[in-house]
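What follows is a set of notes on a single structure, which appears directly below.
Hydrogens, waters and symmetry mates play no part in the numbers below; they use all other heavy atoms, side chains included. Each residue takes its place number in the sequence, starting with 1.
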Amino acid sequence: MERSAALRGLQTNYLLCPSRRCPSSPPLNSLPLPFADNILSSLNFQLQKRFPLASRNVQAASSLFKRDVVLSDTYSETAELVDMDWDNLGFAFLPTDYMYIMKCARGGDFSKGELQRFGNIEMNPSAGVLNYGQGLFEGLKAYRTKDGNILLFRPEENALRMKQGAERMCMPSPTVEQFVEAVKATVLANKRWVPPPGKGSLYIRPLLMGSGAVLGLAPAPEYTFLIYVSPVGNYFKEGVAPIHLVVEHELHRATPGGTGGVKTIGNYAAVLKAQSAAKARGYSDVLYLDCVNKRYLEEVSSCNIFVVKDNVISTPAIKGTILPGITRKSIIDVARNQGFQVEERLVAVDELLDADEVFCTGTAVVVSPVGSITYLGKRVSYKNEGIGEVSQQLYSVLTRLQMGLIEDKMDWTVELR
């Protein structure tokens with residue numbers, strides 16, 4: 001029974017044909033067992049040769065296939081790290097070993113996801129995500145602790161946000177438990193790509209998309225939930241150094257009644273024009289205003305914004321056009337625990353001119369201090385374009401919590417052994 005299950009798992013492989021499956025090869029579970037065992041041994045040999053994983057991790061991956069991606073106890077063993085320059089890790093995609101895939105039909109439920117070798121996926125040109133943008137994504141991180149364990153940060157919050165977004169986009173979604181277990185399985189299958197302590201993190205990208213073919217405007221008939229991962233360093237090239245923003249007053253990221261409050265893929269394509277123009281002028285990113293009054297702050301291209309004045313921290317209220325960031329939510333709680341008064345309200349752009357400090361938050365950036373903001377040609381600098389005390393304090397507390405360096409009294413981290 002176990003041999004048959006293992007063979008079925010390897011049948012969906014990318015070992016000999018990385019870009020596609022080999023149609024000329026017979027299914028392994030249809031071959032005589034001695035011959036099939038020889039092929040299985042050969043595949044495992046080639047896997048270890050092409051992707052130098054420890055043999056116990058290959059066996060663990062097979063265990064995940066056999067147990068419908070229920071984690072195997074063998075994952076508690078530490079795999080050797082990938083040999084790479086961790087000190088110069090940027091925020092760019094690096095292919096890793098495994099990805100997770102789970103499908104369901106419209107009106108159905110997700111079930112029986114599986115880990116596959118990382119590689120390209122096939123999709124019908126008429127897929128709903130390609131033609132009508134029916135897709136969502138999430139982003140979260142895994143950190144390696146000093147004792148070799150791996151921590152996830154609030155994965156259930158990402159699961160809940162995806163469910164809320166899926167409802168807005170007329171899509172089925174995994175349950176919170178399915179989402180979290182899929183994230184755990186994907187991270188553990190790629191554990192050798194989790195950077196050493198203090199060298200970065202493993203960025204986790206869950207996708208939910210309408211993969212079924214649809215020609216007329218309608219929800220797709222089939223949906224795919226997919227997770228891939230990549231080791232990353234700092235999002236901005238400045239690192240933890242202050243970034244420089246320009247306020248955009250003509251183009252807008254979102255509109256009332258639209259999808260600005262969910263993490264749909266279309267929200268991000270809409271900012272590329274303004275962002276590209278800003279970067280060409282030497283700015284780090286763009287700060288957007290509301291599209292009705294054109295005077296209230298909303299968010300930066302991929303992160304939330306906070307304004308500090310005296311002992312009060314203000315951030316735009318979530319009102320349907322602003323993404324409810326998980327790091328945003330966490331920073332608000334951390335700041336209040338640190339004794340700051342935090343206000344969620346309408347924040348006028350004029351308040352930037354008199355602020356003591358400004359910073360951004362997001363999964364990718366964590367906490368990023370703002371050195372200057374330019375609005376209608378006027379440049380305002382903060383802390384002599386240095387790092388403000390408040391943003392430094394909040395960054396230190398949150399990152400130390402995420403990395404397991406301080407006690408997690410919030411019960412936010414999930415430990416993978």
Side-chain angles (χ1 to χ4, degrees), residues 87-91 141 143 197-201 232-248 274-275 277-289 297-316 325 327-328 330-343 347-403 405-406:
D87 291 320
N88 293 301
L89 187 61
F91 200 93
K141 290 179 176 178
Y143 297 85
K199 301 294 184 180
S201 59
V232 297
N234 292 315
Y235 181 78
F236 290 114
K237 63 181 178 60
E238 295 90 342
V240 187
I243 61 173
H244 303 280
L245 304 177
V246 60
V247 177
E248 174 58 52
Q275 186 189 62
K279 290 186 176 183
R281 295 161 56 196
Y283 299 105
S284 307
D285 214 326
V286 176
L287 174 58
Y288 296 90
L289 302 178
L297 306 184
E298 294 231 312
E299 61 180 273
V300 182
S301 299
S302 60
C303 44
N304 298 113
I305 189 87
F306 287 78
V307 178
V308 182
K309 180 65 178 177
D310 298 325
N311 200 47
V312 179
I313 302 174
S314 301
T315 189
T327 307
R328 172 190 181 277
S330 304
I331 280 293
I332 290 173
D333 288 343
V334 167
R336 286 172 174 159
N337 286 339
Q338 294 289 308
F340 294 99
Q341 178 182 338
V342 181
E343 298 179 348
V347 181
V349 65
D350 294 338
E351 295 185 48
L352 293 173
L353 308 180
D354 191 41
D356 296 331
E357 196 174 329
V358 178
F359 63 87
C360 299
T361 66
T363 298
V365 303
V366 188
V367 175
S368 189
V370 176
S372 72
I373 291 181
T374 301
Y375 175 53
L376 297 177
K378 182 176 181 179
R379 182 184 176 102
V380 179
S381 298
Y382 307 101
K383 301 296 180 181
N384 295 318
E385 300 192 5
I387 301 177
E389 292 84 357
V390 175
S391 54
Q392 179 65 62
Q393 179 178 340
L394 297 179
Y395 172 84
S396 177
V397 173
L398 187 62
T399 54
R400 285 171 62 82
L401 191 156
Q402 291 175 326
M403 297 177 192
L405 297 175
I406 59 175

Identify the two heavy atoms, one from [X] and one from [Y], that lie closest to each other, and give their separation to 0.1 Å.
{"X": "Phe91", "Y": "Gly233", "answer": "CD1-O, 3.7 Å"}
{"X": "Pro316", "Y": "Val347", "answer": "N-CG2, 3.9 Å"}
{"X": "Asp356", "Y": "Asp310", "answer": "OD2-N, 2.6 Å"}
{"X": "Ala335", "Y": "Val342", "answer": "CB-CG2, 3.8 Å"}

Pairwise side-chain contact, [X] with [Y], heavy-atom cut-off 4.5 Å (strictly under):
{"X": "Val390", "Y": "Phe340", "result": "yes"}
{"X": "Leu376", "Y": "Val247", "result": "no"}
{"X": "Tyr375", "Y": "Val349", "result": "yes"}
{"X": "Thr374", "Y": "Tyr283", "result": "yes"}
{"X": "Ile313", "Y": "Gln341", "result": "no"}
{"X": "Val380", "Y": "Ser372", "result": "no"}
{"X": "Val307", "Y": "Val312", "result": "no"}
{"X": "Val370", "Y": "Pro242", "result": "no"}

Say you draw a straight line from [atom1] of [X] to [atom2] of [Y]; how long is it, rounded to the nearest 0.5 Å?
{"X": "Leu398", "Y": "Ile331", "atom1": "CG", "atom2": "CD1", "result": "4.5 Å"}
{"X": "Glu248", "Y": "Ser301", "atom1": "CD", "atom2": "OG", "result": "9.5 Å"}
{"X": "Glu299", "Y": "Leu289", "atom1": "CD", "atom2": "CG", "result": "12.0 Å"}
{"X": "Leu405", "Y": "Ser396", "atom1": "CG", "atom2": "OG", "result": "9.0 Å"}
{"X": "Ser201", "Y": "Leu89", "atom1": "OG", "atom2": "CG", "result": "8.0 Å"}
{"X": "Leu352", "Y": "Leu287", "atom1": "CG", "atom2": "CG", "result": "6.5 Å"}

Side-chain H-bond candidate by donor/acceptor type, [X] with [Y], under 3.5 Å:
{"X": "Thr363", "Y": "Tyr235", "answer": "no"}
{"X": "Glu357", "Y": "Ser391", "answer": "yes"}
{"X": "His244", "Y": "Ser284", "answer": "no"}

Which residue is it: Asn304, Ile243, Asp285, Val366? I am looking for the one with a side chain to side chain contact (heavy atoms under 4.5 Å, CB included) to Cys360.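 Among the candidates, only Ile243 passes.
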
With a 4.0 Å cut-off, would you call Glu343 and Lys309 a salt bridge?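 Looking at Glu343 and Lys309, the cut-off is not met.
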
Does this structure show an ion pair linking Glu389 with Lys383, if we count only N-O contacts that are shorter than 4.0 Å?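 A salt bridge is present here (some side-chain N lies under 4.0 Å from a carboxylate O).
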
Not counting sequence neighbours, which residues clear ring pair (Phe, Tyr, Trp, His ring centres under 6.0 Å) with Phe359? List them please.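 Residues passing ring pair (Phe, Tyr, Trp, His ring centres under 6.0 Å) with Phe359: Phe306.
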
Check the pair Val300 / Val365 against side chain to side chain contact (heavy atoms under 4.5 Å, CB included), numbers first and verdict last. CA-CA 11 Å; Val300 182; Val365 303; over 6 Å; no

Ignoring hydrogens and geometry, is there a side-chain-to-backbone donor-acceptor pair from Thr327 to Thr361 under 3.5 Å?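 A pair under 3.5 Å: no.
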
Has the side chain of Thr399 got a donor or acceptor atom that lies under 3.5 Å from a matching backbone atom of Tyr395?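 It does hold such a pair.
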
Under the side-chain hydrogen bond (donor to acceptor under 3.5 Å, both in side chains) test, which residues partner Tyr143, sequence neighbours left out?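 Testing Tyr143 for side-chain hydrogen bond (donor to acceptor under 3.5 Å, both in side chains), a comparison that skips the adjacent residues, returns Gln402.
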
Under the criterion side chain to side chain contact (heavy atoms under 4.5 Å, CB included), I'd like the reasoning laid out for Ile373 against Tyr382: C-alpha separation, chi angles, the key distance, then a yes or no. CA-CA 9 Å; Ile373 291 181; Tyr382 307 101; 4.0 Å; yes

